[in-house]
Number of protein chains: 2
Amino acid sequence: MPRVTLLDVSRHAGVSRATASLVVRGSPRVAPTTAARVREAIVELGYVYDRAAANLRQSRSMTLGLVMTDLSNPFFAELTMAFEHDVHEQGYTLFIGYTRDDLDRQARTLSAMVERRVDGVCLLPALGTTEASLAPLDSQHVPTVLFTRHLGGGRPYVGADNVSAGRMLGEHLRSLGVRHLAFVGGQETSSRRERVEGLLAGAGDDVRIDLPPIYSPSSTVGGAQAVSQLLDAGILPDAVVAYNDVIAMGVNVALWERGLEPGRSIALAGFDDIRIAAGQVPGLTTVATRSEEVGRSCAELLLGYLGGEPPAPRTVLEEPELRIRASTGLWRPRMETS
Amino acid sequence: MPRVTLLDVSRHAGVSRATASLVVRGSPRVAPTTAARVREAIVELGYVYDRAAANLRQSRSMTLGLVMTDLSNPFFAELTMAFEHDVHEQGYTLFIGYTRDDLDRQARTLSAMVERRVDGVCLLPALGTTEASLAPLDSQHVPTVLFTRHLGGGRPYVGADNVSAGRMLGEHLRSLGVRHLAFVGGQETSSRRERVEGLLAGAGDDVRIDLPPIYSPSSTVGGAQAVSQLLDAGILPDAVVAYNDVIAMGVNVALWERGLEPGRSIALAGFDDIRIAAGQVPGLTTVATRSEEVGRSCAELLLGYLGGEPPAPRTVLEEPELRIRASTGLWRPRMETS
DNA sequence: CTGAAAGCGCTTACAG
DNA sequence: CTGAAAGCGCTTACAG
């Protein structure tokens with residue numbers, strides 16, 4: 001059976017297609033009685049608006065793309081929910097794609113979205129992404145906002161203020177009396193560099209900081225392996241700082257397994273304050289990097305960008321917040337070295 | 001500047017639009033030299049295929065919808081990743097939406113996808129969903145597969161075998177010597193009923209089972225509140241079984257805070273085996289309900305369904321697997337009652 | 001294997 | 001406020 005179209009509706013209601021079209025879009029320029037007749041016809045015929053066809057004509061799709069590496073870090077699940085909420089309210093439907101930090105996959109995903117004429121894209125760039133990687137978006141003038149990782153260029157970007165987050169944690173640990181800390185896990189990204197930079201600044205010169213080249217995926221397994229590498233290298237700091245909470249959770253388990261008691265015999269902290277981090281034993285000290293605010297700002301920046309010029313400000317840095325819990329709060333220096 | 005279309009490409013290559021169209025779709029019916037000339041033109045002009053326009057003509061969109069309540073449970077993040085992987089490989093792009101267990105939001109989300117002519121939808125139905133709620137999908141003949149929660153009808157469905165999962169856990173706890181267990185958390189859903197049913201069967205008649213009407217959202221906070229309600233009601237079982245792992249993580253914290261040591265003084269278990277559960281202290285005993293397999297089966301069932309009749313089998317139950325960890329593995333009966 | 005024409009379902013000027 | 005015509009960018013028969 002053929003699809004019911006706007007032409008069928010207009011005939012049934014005794015008006016032209018143009019009029020019916022205005023009614024479905026809620027135009028006030030149609031007489032109320034006419035509009036009512038059209039709406040009746042819609043119900044009687046079981047008509048469903050074909051936004052895809054409308055979009056072809058209007059050359060916009062009312063869809064947005066959200067592309068990230070993966071969801072194994074709940075931070076991105078939280079961000080996704082906030083982003084989806086805000087754009088859904090504006091009538092947009094969301095395309096989603098996961099690059100798994102693979103450049104080919106990222107290219108295919110972005111192309112697929114561009115071919116479907118997305119109106120805009122929020123992207124967490126995969127490792128190794130360059131400005132050139134984004135040519136498929138730029139050549140079609142698809143407004144793009146980066147989040148969490150930036151490329152160093154002037155492209156619109158939303159993220160936590162990672163330098164500030166690192167500094168807060170560094171200051172906290174120093175004030176506890178930590179004299180030796182190590183940083184582990186994460187990938188070689190802008191946000192990792194920024195967190196380390198802040199940590200160094202916050203801890204100050206009195207604190208010895210080990211920055212072994214120990215990277216890891218954002219998983220508990222990755223965290224456990226990272227801290228094992230650290231300990232196997234003979235490094236036993238007062239405090240371990242993990243690149244993020246998921247990694248810190250893995251560090252936590254590995255420390256327990258080695259007979260260390262996080263929060264007592266060794267301090268432990270992460271970044272992000274994923275909701276699940278408060279449900280850890282011991283409760284995990286962390287710096288909230290505002291998943292929901294980042295998602296919301298991405299939506300706001302992108303929506304403001306649509307059909308217009310790149311927005312000002314082009315960079316939004318969310319203010320982090322230190323959340324002190326038992327994983328550092330109970331730790332005390334083993335002995336005074338002064 | 002106007003968009004580069006297939007007409008521009010065909011002119012530039014000296015062929016007709018139809019021929020150019022065949023080339024972009026990789027048809028073998030075009031002479032190789034002609035095809036090469038067209039491909040050159042595409043590159044030279046910077047042409048981008050407009051799949052949205054193609055889809056209008058073909059009346060299919062090469063998009064699928066994945067609709068669930070939310071991502072606060074990592075189980076659904078894992079499922080999403082697996083589903084996305086498989087459908088991406090088949091050339092589909094994914095629309096996503098979160099209902100937050102709200103029927104209105106679910107209706108709006110499904111309508112938005114239907115208006116955009118999705119080829120198929122995988123849905124975790126919000127609480128209160130009836131067959132009638134799915135009329136927007138059915139009236140447009142959008143193939144639909146349910147997951148995690150079913151409606152009792154014959155609609156295609158993928159989920160874990162929750163009865164079996166409950167039974168495994170019940171048998172495990174009984175074999176440990178647990179004589180009194182309580183089940184807490186979760187919503188009033190098909191999967192909760194099934195888990196409870198299996199648990200009762202597995203534990204047998206010798207085990208006293210408390211099923212207080214304590215429901216909760218899938219969050220650590222929800223879990224902490226649920227177990228507090230239990231304990232405040234004066235119930236102190238040998239073992240607490242939570243509806244899922246996220247809730248169990250909250251139970252874990254609340255038990256510690258009350259001076260109970262999960263895994264020692266009280267046994268604790270959940271369901272799902274979310275990846276992060278292994279990174280708990282103590283390690284959480286759970287029944288894996290196969291997030292990735294569920295996602296994969298959803299993709300397979302839905303793709304098989306597209307353009308054809310509803311698939312057989314219409315129901316796929318993934319086999320669960322018991323994962324014993326310290327949260328029950330270290331527990332021993334306090335005294336013999338025989 | 002290639003080309004001219006019609007059509008997917010809508011919206012957009014332009015007359016009236 | 002309403003209607004007839006053209007067009008969004010593609011694909012699909014149908015001739016050749």
**Message:** Using a strict threshold of under 4.0 Å (side-chain N to carboxylate O), is an ion pair present between Arg296(A) and Glu89(A)?
**Reply:** no

**Prompt:** Does a salt bridge link Arg108(A) with Asp102(A), judged by any charged N lying under 4.0 Å from a carboxylate O?
**Reply:** no

**Request:** Sequence neighbours left out, what passes salt bridge (charged side-chain N to carboxylate O under 4.0 Å, His left out) with Asp70(B)? Give chain and number order.
**Result:** none

**Asked** With the threshold set at 4.0 Å, does a side-chain nitrogen-carboxylate oxygen contact exist between Arg100(B) and Glu84(A)?
**Response** yes

**Request:** Looking at every strand, decide which applies to Ala18(A) at a 4.0 Å heavy-atom threshold: base, sugar-phosphate, or nothing.
**Result:** base

**Request:** Would you indicate, yes or no, if dT2(C) has its OP1 or OP2 atom less than 4.0 angstrom from a side-chain nitrogen or oxygen of Arg37(B)?
**Result:** no

**Message:** In terms of relative ring orientation, are Tyr157(B) and His150(B) parallel, tilted or perpendicular, with 30° and 60° separating the classes?
**Reply:** perpendicular

**Prompt:** Hey, is Arg37(B) close enough to Glu44(B) for a salt bridge, meaning N to O under 4.0 Å?
**Reply:** no

**Rounded distance (nearest 0.5 Å) linking atom OG of Ser61(B) with atom CZ of Arg51(B)** = 10.5 Å

**For DNA chain C, stems built from three or more consecutive Watson-Crick or G-U wobble pairs below 3.5 Å** = C:1-3 with D:14-16, C:5-12 with D:5-12, C:14-16 with D:1-3

**Whole-Å distance separating the CG atom of Asp50(B) from the C1' atom of dC8(D)** = 9 Å

**Prompt:** Can you find a heavy atom in the side chain of Leu64(B) that is under 4.5 Å from one in the side chain of Val118(B)?
**Reply:** no

**Request:** Select base, sugar-phosphate, or nothing to describe what Ser59(B) touches, counting heavy atoms under 4.0 Å on all strands.
**Result:** nothing

**Complete:** Note: contacts of residues 5-15 of chain A with DNA chain C (heavy atom, under 4.0 Å) are Thr5(A), Leu6(A)

